[in-house]
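Read through the structure below, which is laid out as structure tokens, and then see the notes.
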Amino acid sequence: MPDAQEALVAFEGVQKTYDGRQLVVRDLNLDIARGEFLTMLGPSGSGKTTCLMMLAGFETPTHGRILLKGTELNRVPPHRRGIGMVFQNYALFPHMTVYENLAFPLEVRGMSRAEIETKVARALDMVRLPVFGGRRPAQLSGGQQQRVAVARALVFEPDLVLMDEPLGALDKNLREEMQYEIKHIHESLGVTVVYVTHDQSEALTMSNRIAVFDDGVIQQLATPDVLYEKPENAFVAQFIGENNRLTARVKELDGSFCTVELEDGQKVRALSVNVSGAGEITTLSLRPERVVIGPGQDFADNRISGRVEELIYLGDHIRARLTVAGNDSFIVKVANAHDHVRLSQGSEVPLGWASEDCRALDAGVGNAAPA
């Protein structure tokens, strides 16, 4: 990631309310580095899109200020911010050709015809559409239209490009292809990108850093690997990737670890991430791929048992759903190797995992205390 000290964008104490009572964005402080790909990720209504719209100039902060290259943007209209924008619905001019769509932002900036031709040709090459300049948007596929929308946002060489759910209208295969396409364009140009999505796999694939939003607040801001491996609270653990949750009560704290009691009375050891003392209710967070099932569990710190409820064959692995300590949605991913363990529905099986792979977090929403 680029030098974190070189902030291109800064949100300083930004708040937003539409009705004067409910804050959609709460006291946001965020620096975005020059050349960074930062994704704002969260469920609908979490405040991520409102933040993007305030940065673009389509919404105004109720409180606080937004800076671009050190200049406050609050009273600068959208067309004077020099920001590229890519929308989910592409927003291409249907009556214009692809060339004319890309030339438009250059014409309004008063560039010469020769300069426009050079920049449009370069932009079309960048998105691998060099011979499509004479077509209209209706003559293009969805993926091609999205490439044109990306090219139009980049053709005038802005310092900052904003992307609002740009791949939401594409099918799964094309969506994945465009993720890599945008990622490679960002890496080759070094432009700063602020990307909004509710798709966590998309965020993990493309981003330098991810800001996970909920209820108008950034719950955690980190690189994709840190977010996945080291979630700081139960919301982030559940929202990022597949995650097993076990409700437990803290029995003892021991440095950076704690001993907890599960709903069925079994005791396990976990990293003490977001707990403060004995007697507290906690949510254990454990990724499915970190659980060992069968003979290999003999070497794990924590060893308990579970009952196999469902087996789904997925080619490279088998997805086993078990009941473990009262949770009937406990997932284990068993690699489809020559020596993989054979499972049968309804059987009791031993499980194990390392203490450092299990994180004791806040109780989270809807978790009941163990009996």
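In this text the structure is predicted, and so the values were computed from the model without any measurement.
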Counting C-beta onward and ignoring hydrogens, is there a side-chain heavy-atom pair between [X] and [Y] closer than 4.5 Å?
| X | Y | result |
| --- | --- | --- |
| Phe11 | Leu55 | yes |
| Gln345 | Arg321 | no |
| Leu221 | Leu38 | yes |
| Lys119 | Met111 | yes |
| Arg128 | Glu181 | yes |
| Leu124 | Phe132 | no |
| Asp159 | Leu8 | yes |
| Val86 | Asp164 | no |

Any side-chain donor-acceptor pair under 3.5 Å between [X] and [Y]?
| X | Y | value |
| --- | --- | --- |
| Ser355 | Asp357 | no |
| Ser285 | Asn243 | yes |
| Thr197 | Glu202 | yes |
| Asn233 | Gln219 | yes |
| Thr323 | Glu309 | yes |

*Give a yes or no on whether Val193 and Val196 share a hydrophobic cluster (residues Ile, Leu, Val, Met, Phe, Trp, Tyr; joining criterion: side-chain heavy atoms under 4.5 Å apart).*
no
_ILVMFWY network linking Met163 to Leu174, side-chain heavy atoms under 4.5 angstrom_ = yes
Would you mind checking if [Y] and [X] are paired as a salt bridge, meaning a charged N to carboxylate O distance below 4.0 Å?
| X | Y | result |
| --- | --- | --- |
| Asp254 | Arg269 | yes |
| Arg249 | Glu280 | no |
| Glu261 | Lys267 | no |

*With salt bridge (Lys or Arg N to Asp or Glu O under 4.0 Å) as the test, would you mind laying out the steps for Lys183 and Glu187 before giving the verdict?*
CA-CA 6 Å; Lys183 180 180 176 70; Glu187 290 172 347; 3.7 Å; yes
cation_pi([X], [Y]) dist<6.0 Å, angle<=45:
| X | Y | answer |
| --- | --- | --- |
| Arg152 | Phe104 | no |
| Lys16 | Tyr18 | yes |
| Arg135 | Tyr99 | no |

If the condition is ring pair (Phe, Tyr, Trp, His ring centres under 6.0 Å), which residues does [X] pass it with, not counting sequence neighbours?
| X | answer |
| --- | --- |
| Tyr195 | Phe37 |
| Phe235 | Phe239 |
| Phe257 | none |

_Check against side chain to side chain contact (heavy atoms under 4.5 Å, CB included), Met85 and Val161_ = CA-CA 6 Å; Met85 190 88 188; Val161 174; over 6 Å; no
*Under the side chain to side chain contact (heavy atoms under 4.5 Å, CB included) rule, what do Arg34 and Lys69 come out as? Steps first, then yes or no, please.*
CA-CA 9 Å; Arg34 183 180 294 275; Lys69 294 188 290 187; 3.7 Å; yes
*Rounded to the nearest 0.5 Å, what separation is found between the CD atom of Glu72 and the CD atom of Glu12?*
8.5 Å
*In Å, rounded to the nearest 0.5 Å, how long is the span from CG of Leu73 to CZ of Arg75?*
12.0 Å
*Quickly, which of Asn244, Val332, Val334 forms a side-chain contact (heavy atoms from CB on, under 4.5 Å) with Pro288? Name it, please.*
Asn244
*Enclosure of Tyr180 OH (heavy-atom neighbours >12, cutoff 6.0 Å)*: no
_Atom NZ of Lys333: over 12 foreign heavy atoms under 6.0 Å_ = yes
*Could you go step by step and tell me if His186 and Asn208 meet the side chain to side chain contact (heavy atoms under 4.5 Å, CB included) rule?*
CA-CA 11 Å; His186 165 258; Asn208 297 131; 3.7 Å; yes
